[in-house]
Protein chains: 2
Amino acid sequence: MGRDKKFSTHDLWQATHELIVETGYQGFTMSLLAAKLHVSRAAIYKHYPNKEELLIDFMVEKMRYSVTLLSEIDFTQSFEHQLRDLLERMFQLKDLHQILGMASTIEDVSPVITEKKQVLSAMHHELYTPLNQLITKGKEQGFIDPARNNFLLLGFIFQTIDIPNHAGLPLDTFIAEIQALILHGISNK
Amino acid sequence: MGRDKKFSTHDLWQATHELIVETGYQGFTMSLLAAKLHVSRAAIYKHYPNKEELLIDFMVEKMRYSVTLLSEIDFTQSFEHQLRDLLERMFQLKDLHQILGMASTIEDVSPVITEKKQVLSAMHHELYTPLNQLITKGKEQGFIDPARNNFLLLGFIFQTIDIPNHAGLPLDTFIAEIQALILHGISNK
DNA sequence: TTTATTAGTTACACACGTGTTACTTTGGTG
DNA sequence: CACCAAAGTAACACGTGTGTAACTAATAAA
């Protein structure tokens, strides 16, 4: 019963994704989102009681996808192939990574939000485990000095993913270059 | 003549710096700034006609300092010492780096702003030159493969500076670790 | 001590963001 | 066809941010 919807849940997440990438968390407004969906602001409030709950649900959704994507890596591969596989997957998640970084800045306007922020934070750790496993493997197989701090290596890889492609290299060579930088730094081999 | 000022230009830049680090560009308001200076909002408008001009002047000021600091590097040092020197100086500029990244998001509310944004952008290139010189030196002295793209190496070094120190390492060892990562990546030597 | 000048404050008008309420539209069901 | 329920809209109250104008306070010079 009732009349037809003007936008689906999928439309909503799509528009939210675009808008948050375009304007950032602070610039994200319900008016802009409504405009993107060709709908009045109040229509969105029929589905979500406030902006914060909408955004946190969006992030949980994206996080779920990210965790799945990274956990699907084939661990039987060699260290180097596994690294390459991981990098390619992390590249797919590039803007998600920054979006998810905004999660902590969402205001705790209701207990529901506080709760879901903790869920997100837990999933964030889950996201790191495939990367951690890779580092462990690298240490075992002699690619990485076991004395090295895992947090540091993790941070290093995450930061390296975000290098801007100012040179305009094709994606394949760009990823290959980044892999080389991660493995051997700027030094001549 | 006239009465005593309640805040100096130095106070203003200090408060602006603190506030923009605390709240980010979007969260920066004249009310918060005024509160930090223990002054009414209107008092600041006696010095600056609007928020944008204040922020762009602040950034030009900071940029000038950054360019000077990086240009003071001793180029007679060895490649590795010069890199270390550079890294230490870039660490001093850590929050400045992110602040200056916000420059492009300042709205062009007046032609003065558009003009100063271009000045900032030009100084941004100046900031890169010491780094570029270092890379060139590294290529000449055989530390770096000359075929490698300078933009990529530059981006790599800039990103690496921003690795979060989650492990809580002391600054000295942290910088040393980062230098090692830049030079040789995660690989065992 | 009077006065000019500069610094600062209070109060206003305006714009825009949020969330709610009362109303309208639209489609299936008895 | 009547009417009910879901979906949507318009309009309101409220908060907060910006920039301005009229007023007040303090200090140095005449």
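These values consider heavy atoms only, across backbone and side chains, with no hydrogens, waters or symmetry-generated copies. Quantities reported herein were computed from a predicted structural model and do not represent experimental measurements. Here is the naming used below: chain letters follow the sequence lines, and residue numbers restart at 1 for every chain.
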Ignoring backbone atoms, test whether B:K6 places a side-chain nitrogen or oxygen under 4.0 Å from the OP1 or OP2 oxygen of C:dT9.
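Yes, B:K6 has a side-chain N/O under 4.0 Å of OP1/OP2 on C:dT9.
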Output yes when at least one side-chain N/O atom of B:K46 is less than 4.0 Å from OP1 or OP2 of D:dT20, else no.
no
Whole angstroms only, please: what is the [atom1]-[atom2] distance between [X] and [N]?
{"X": "B:E107", "N": "C:dC16", "atom1": "CD", "atom2": "C1'", "value": "13 Å"}
{"X": "A:Y48", "N": "D:dG8", "atom1": "OH", "atom2": "C1'", "value": "18 Å"}
{"X": "B:I44", "N": "D:dT20", "atom1": "CD1", "atom2": "C1'", "value": "15 Å"}
{"X": "A:Y45", "N": "D:dA7", "atom1": "OH", "atom2": "P", "value": "18 Å"}
{"X": "B:L54", "N": "D:dG17", "atom1": "CG", "atom2": "P", "value": "16 Å"}

Mapping B:N50 and B:D4 onto DNA chain D by nearest heavy atom, which one lands closer to the 5' end?
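It is B:N50 whose nearest nucleotide is closer to the 5' end.
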Comparing B:K51 and A:K5 on DNA chain D - which has the more 5′ nearest nucleotide
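Between the two, 5'-proximity favours A:K5.
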Residue closer to the 5' end of DNA chain C, B:F7 versus B:G2 (nearest nucleotide)
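Whichever sits nearer the 5' end wins; that is B:G2.
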Aromatic centroids of A:F91 and A:H97 separated by under 6.0 Å
no
Does B:I56 offer a backbone N or O that forms a donor-acceptor pair with the side chain of B:K117 under 3.5 Å?
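Looks like no, no N/O pair under 3.5 Å.
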Counting distance only, does the side-chain N/O of A:K51 pair as donor-acceptor with the main-chain N or O of A:F28 below 3.5 Å?
yes
Regarding B:N132 and B:T129, is there a side-chain donor-to-acceptor distance under 3.5 Å anywhere?
no
So, A:D95 versus A:H17: side-chain donor-acceptor pair below 3.5 Å or not?
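A pair is found: one side chain offers a donor N or O, the other an acceptor, under 3.5 Å apart.
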Can you find an N or O donor on one side and an acceptor on the other, under 3.5 Å apart, linking the side chain of A:R3 with the base of C:dT25?
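For A:R3, whose side chain was compared with the base of C:dT25, there is a donor-acceptor pair (under 3.5 Å).
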So which atom in B:E177 and which in A:R148 form the shortest heavy-atom distance, rounded to 0.1 Å?
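Here B:E177 and A:R148 meet closest at OE1-NE, 3.9 Å.
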Using a 6.0 Å cut-off, check whether atom OH of A:Y25 has over 12 heavy atoms from anything other than its own residue.
yes
Going by heavy atoms closer than 4.0 Å, what residues in residues 15-43 of chain A are next to DNA chain D?
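Here the set is A:V39, A:S40, A:A42, A:A43.
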